[in-house]
Amino acid sequence: MATKKFKCSVCGYVHEGDSAPAQCPKCNQPGEKFTEETEAAPAAPKKKGIDTSSNVYTIIYSCIVVVIVAFLLAFVSSALKDRSDANVRIDTMNQILSSLNISVDKSEVEAKYTEVVKEELQEKQVFKCEVNGETKYVFRLDGKGLWGAIWGYLAVNDDLDTVYGVYFGHASETAGLGAEITNPKWKAQFVGKKLRNADTGAIALSVVKAGKSKDGVQDYNKCDGVTGATLTSNGVDAMINDCLAGYAQYLEK
């Protein structure tokens, strides 16, 4: 049987036995001054590992997740870069072919482009082409519409004056309004128009308010804008004139 311990509350003397002594042998205090000592319960062991409820853990965890996600995105982007670049290149080729009124399946674009485009000039902004035995020139156009970038390709005959075809694209123009610059019916009105004023020789091809292209004697230079999309139409007009001014060295030959 385990021995009990009793401690004098006056002098601290500890007595071992079944009960407290009648009197403290050290300070002569009566037995009621003794209290039984009990063993304290062992302290709970400290948890090992990271406290997942702490702010430090949350911050570290978030940083690790961000790093991992960034690494995965960079890896995927790198892995798909060649394919992405190839798709952009094919799409650009297809846009140029479209300005020449040539439509082919995606699988045939590269071969047809190689057949048609004979020279890429001015950092791939001007293209000398051959269609049905005739020389055509295609000029890259870049501008701004109502909500974002617009661009296109303008193809002209060997006289460097008569429009052979056009292609227009946009980033974010309004569907049914500004986005109509991609509509084949709207683009068709450019075919046969003249780049220059017949009297002065200055670049005069323009996009005017819808329905106004036949108001003057020089309607061979004018194309109707998109109904209800004045700002986008103005953007196309500015794009054509600004960009063609940059190709003077070719258009003046």
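Bear in mind that the values here come from a model prediction, so they are computed numbers and not experimental data.
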Contacts of type salt bridge (charged side-chain N to carboxylate O under 4.0 Å, His left out), residue [X], not counting sequence neighbours:
X: E134; value: K136
X: K187; value: none
X: E115; value: K112

[atom1]/[X] to [atom2]/[Y] distance, rounded to the nearest 0.5 angstrom?
X: T162; Y: L205; atom1: OG1; atom2: CG; answer: 11.0 Å
X: I60; Y: N55; atom1: CD1; atom2: CG; answer: 11.0 Å
X: I240; Y: L195; atom1: CD1; atom2: CG; answer: 9.0 Å
X: C243; Y: Y153; atom1: SG; atom2: OH; answer: 11.0 Å

With sequence neighbours excluded, what pairs up with [X] under the side chain to side chain donor-acceptor pair (under 3.5 Å) test?
X: N87; value: none
X: D105; value: none
X: Q95; value: D91, W151
X: E32; value: none

Look at the side-chain heavy atoms of Ile, Leu, Val, Met, Phe, Trp and Tyr, link any pair under 4.5 Å apart, and say whether [X] and [Y] land in one connected group.
X: V131; Y: Y137; result: no
X: I102; Y: M93; result: yes
X: Y167; Y: F139; result: no
X: V208; Y: L141; result: no

Hey, does the side chain of [X] reach the backbone of [Y] with a donor-acceptor pair shorter than 3.5 angstrom?
X: S9; Y: K33; answer: yes
X: Q23; Y: N28; answer: yes
X: D237; Y: V207; answer: yes
X: T232; Y: A229; answer: no
X: T174; Y: L177; answer: no
X: N197; Y: T200; answer: yes
X: N221; Y: S206; answer: no
X: N94; Y: V109; answer: no

Hey, are K209 and T230 close enough side-chain-wise for a donor-acceptor pair under 3.5 Å?
no
With a 3.5 Å cut-off and no angle check, do the side chains of E130 and T135 form a donor-acceptor pair?
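No, T135 and E130 have no side-chain donor paired with an acceptor closer than 3.5 Å.
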If I compare all heavy atoms of V236 with all of I181, which pair ends up nearest, and what's the gap?
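Closest approach of V236 to I181: CG2-CG2, 4.0 Å.
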Can you give me the closest heavy-atom contact between E173 and W147, atom names plus distance?
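Taking E173 first and W147 second, the nearest heavy atoms are OE2-N, 3.1 Å.
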Please write out which residues are connected to V14 in a hydrophobic cluster, directly or through intermediates, given that two of Ile, Leu, Val, Met, Phe, Trp, Tyr count as joined at side-chain heavy-atom separations below 4.5 angstrom.
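Hydrophobic cluster check, V14: no partners found.
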Starting from F6 and following side-chain heavy-atom contacts under 4.5 Å between hydrophobic residues (I, L, V, M, F, W, Y), which residues can be reached?
Y13, F34
If a pair satisfies salt bridge (charged side-chain N to carboxylate O under 4.0 Å, His left out) and one of its residues is in residues 138-156, list it, with sequence neighbours excluded.
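The answer is R140-D142.
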Does atom NZ (K5) have a neighbourhood of more than 12 heavy atoms from anything else shown, all under 6.0 Å?
no
So for atom CG, which belongs to D85, do other residues, nucleotides or ligands contribute more than 12 heavy atoms lying within a distance under 6.0 Å?
yes
Identify every side-chain donor-acceptor pair in residues 62-76 under 3.5 Å, counting partners at least two apart or on other chains, and give the distances.
unit_1	atom_1	unit_2	atom_2	d
S62	OG	T58	O	2.8

Heavy-atom side-chain contact between C24 and C11 under 4.5 Å:
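Sidechains of C11 and C24: in contact.
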Do the non-hydrogen side-chain atoms of D161 and N157 ever get within less than 4.5 Å of each other?
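Counting from C-beta outward, D161 and N157 never come under 4.5 Å.
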Taking distance alone, no hydrogens or angles, what donor-acceptor pairs closer than 3.5 Å link side-chain atoms of residues 120-129 to residues at least two apart or in another chain?
unit_1	atom_1	unit_2	atom_2	d
E120	OE2	Y113	OH	2.6
Q122	OE1	Q249	NE2	3.3

If you apply the rule ring-ring contact (aromatic ring centres under 6.0 Å, His included), what do you find for F190 with Y164, and how did you get there?
CA-CA 8 Å; F190 285 84; Y164 182 72; over 10 Å; no
